[in-house]
Structures are given as structure tokens and as C-alpha cells.
Amino acid sequence: MSRRVVVTGLGAITPIGNSVDEFWNSLKEKKVGIGPITYFDTTEYKAKLAAQVKDFDPKQYMDPKAARRMERFCQFAVAAAKEAIEDAGLDMTAEDPWRVGVAVGSGIGSLQATEREYSKLKEKGPGRVNPLLVPLMIANMAAGNVSIQFGLKGKSINVVTACATGTHSIGEAFRSIQYGEADVMVAGGAEAAITEIGVAGFTSLTALNTTTDPLRASIPFDKERNGFIMGEGAGIVVLESLEHAQARGAKIYAELAGYGSSSDAFHITSPCEDGSGAAKAMEFAIADAGLMPEDVDYVNAHGTGTHANDVGETKAIKLAFGDHARKLKISSTKSMIGHLLGAAGGVEFIACVKSVQEGFVHATAGLTVDDPECDLDYVKGEGVAMDVNCAISNSLGFGGHNATLLVKKYN
């Protein structure tokens, strides 16, 4: 018998706020967190903008020695996990640590460590490379560090599916609890890839918008969209079996009821043109929850602002929902925070949980010019106060990875 799973804690580090409340209020206010890249000189780069995390001090979340032994993506993960665990009121001294697990993914790991140590290798020779390079660089260290910092001894995994990483991580955590492998999972994604090689690579792929206007940079579903903007941060949630949450008197934000996953099996970077892959992930998630398409009120779209993604995702929503597609509210969180890559799904899932909890759907900021190929309701203009009984979050990653989570009001 599969167990019901609920969301009891939320934590976020984002370009528009370093806490869930700040992030959510900024979404409601349509605050755009995009600006000039300050981490390196962009003179020779076509892409000049990114959505950077501001005023982040790792020492507020962990001891300075621990912080020094973590790269930025891991610091973000630990900081967001700390907020989520505290928000959930999870007292590890009262828990069986072997029943509390971690599923925190990163799409890339630390490009900063790679760049820094490669320069040393070339300039000073192999003997000068930091002995900690490998544990600093590898993507699973977000999960590893969260586990170590908070004493979580259960199943600890790192899913890497590019831009679907955060969503798959939460989905696999959900399955682990359903199946009885864990009672509690700390799950989500973390990323910090706004580096010289990261920006250069995505620019060469022609994936990034090269405008210098922050308000026209990340404009999903807009006819003038021209690529995504790199973001960074972390979105982490605490998931629990319903019985466990009830036994400890936890507050319950919402119920995670469905998870769907599929592959386009089509192309390493382009989505399947008919939208069938993403549609299947949505269909699987809705069926997994035992619901019908018409039960869904809101879709938090992958919505990257590339031409191919937004047209393909629009087709996918029509395929999955049929006539109901025209009644859905759809919006893209990336319109304000850019694309957090492996962390996107974690942060966007939090936006869905807040939508269900507070009865509000945030706007797609910057959407002004309608595209005839993107002809659904993307919440243009202002956000909408409405009852959200059921929301889904989509993430679609390079490699053809599609993942969907379905969250609904807890009854």
C-alpha cells in the first residue's frame, strides 16, 4: 500500500530573496532579479546579464570552517535545507536518523572549482591542484553536505537530469517515502553556474538571451523571446509520510500526490517538436495522483523563454489537457529569477506549494507581446487571486528528460 506524502517545510535561496517569504512576496510583486553579471568581466561575452543571488553570507547558515569546505552550490543547498528543516519543526534529536533521507541534486556541480584549479594546473603544474578539488567539484556534494550538516543518515541520493534535476529529486524522494524506504526526505536542487565557462558554453549553444535590458531578458511565451537567462540558488523542501507528519503534529502545507517522468528520446538539446514527451510526464503525474486533467487549476511551466521550449511546452499542455488547456492558468517563475538549471524544479515546486496554500497564481513578468504559437493563458499582466486546489510543476532537461510534480490541497 503506497503511503500519502505531504510537504511540511520549505527553504529557498533565489535571485529575488534568500528566504521563502521574501521569494514568494517578490513573485507576487513581479520583482525581476536579473542584472549585469558581476562575477567576472563580460567585455568579450555576448551575454551580459544573469540572475545572481544577492547578499548571501554562508556564515549565517553554517560555521565558517564548514562554509570554506563547500563550493557555492553546496552553500546554497545547506542554507535552503536549514530553512526548510527549521520551517518543518523537524527535531533530529527526536527522529530515527536512518529514516530521514536526502535527495538534493545539482545539474553541474562546481564550475568555479574546475576553472580555478585548471588555471593552477596550467600555470603551476599538477602538484599545485587543491587536494579537495574533487569533493568540492562533484555534483553529489550538495546532498552529501546537507546530510552531514543535519545528521540525516537515511537514503541520500543526487539525481542529475540537467534542468529537470530538482523536479526529479523531489519526485524520487516522494517515491522513497511512498514505498517506505524513508519517513522523511529533504529534497530539491541547488546550482551556481554563472561562471566564465558556464556562460560561454550556453552562449555558444545560442541558448542565452544577449539583450542588455533586464526587463526584456527572460520573457517566456512572449513573441520577442530570444533565449534564457542564467540564474542560481536552491529550492529545498521537507517531505514526510502523512502518518509521520501527523504523529509529530507538523503543519502541512500541501499534499504531493503525483509524479510523472518521461524521455523525448529525440535530441540532446531540442525538445520533441510535437510536445509528446512533456505531455506524457504531465499525464503520468495526473494519473499517479488518481485525478483527471480537469482537476488541475495551475501549471507552473518550465517556460525558459527559448523559442523551441515555449512552443513545444504549449503543444504539450494542449496534448495532456485537451479542451481544459484553455481554462488553465499557466505561468513561468523563470520570468523573474531566470533559469536556475538544476535548482529550477525545487524553487518552482515551492512556488506551486505557495499557490495552493495562499490561493494566488503569480504572473509571467515581462510578457507583453502575444505569440500566435503560444495561445494559452500565461497570466499576462498581474497575478491572479484564485482557489488553487491542484497545481503541477514541469521541468524539461537537456537530454530529453521530462518531469512533472502534482501538488494539491491537503484534505
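No experiment lies behind these values; they were computed from the predicted model shown.
The residues Asp57 and Lys59 are annotated as salt-bridged, a charged nitrogen and a carboxylate oxygen being separated by less than 4.0 angstrom. Ion pairing of Glu181 with Arg175 is absent here, as no side-chain N (NZ or NE/NH1/NH2) approaches a carboxylate O to less than 4.0 Å. A salt bridge links Asp370 with Lys380; the closest basic N to acidic carboxylate O contact falls under 4.0 Å. Using a 4.0 Å cut-off between charged side-chain N and carboxylate O, Asp375 and Lys318 make a salt bridge. Between Lys334 and Asp310 there is no salt bridge, since none of the side-chain N atoms of the basic residue sits less than 4.0 Å from a carboxylate O of the acidic one.
Between Phe56 and Tyr61, the angle of the ring planes stays under 30°, which puts this pair in the parallel group of the 30/60° scheme. Taking the six-membered ring for Trp and thresholds of 30 and 60 degrees, His362 and Tyr298 have ring planes more than 60 degrees apart, a perpendicular arrangement.
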| task | Kindly indicate, with the supporting measurements, whether the criterion salt bridge (charged side-chain N to carboxylate O under 4.0 Å, His left out) is fulfilled by Arg248 and Asp91. | result | CA-CA 10 Å; Arg248 67 180 193 87; Asp91 174 8; over 6 Å; no

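Atom NZ of Lys28 is surrounded by more than 12 heavy atoms from other residues, nucleotides or ligands within 6.0 Å. Glu294 CD: more than 12 foreign heavy atoms inside a 6.0 Å radius. Counted within 6.0 Å of CD1 on Ile197, heavy atoms from surrounding residues, nucleotides or ligands total 12 or fewer; the atom is thus considered open. No more than 12 heavy atoms of other residues, nucleotides or ligands shown are found within 6.0 angstrom of NZ on Lys153. Within a 6.0 Å radius of NZ in Lys46, no more than 12 heavy atoms belonging to other residues, nucleotides or ligands are found. Within a 6.0 Å sphere centred on OH of Tyr118, heavy atoms belonging to other residues, nucleotides or ligands number 12 at most. Heavy-atom contacts from other residues, nucleotides or ligands closer than 6.0 Å to CG of Asp323 number 12 or fewer.
Only one option out of Arg72, Gln112, Glu232 pairs with Ile194 in a side-chain contact (heavy atoms from CB on, under 4.5 Å); it is Glu232.
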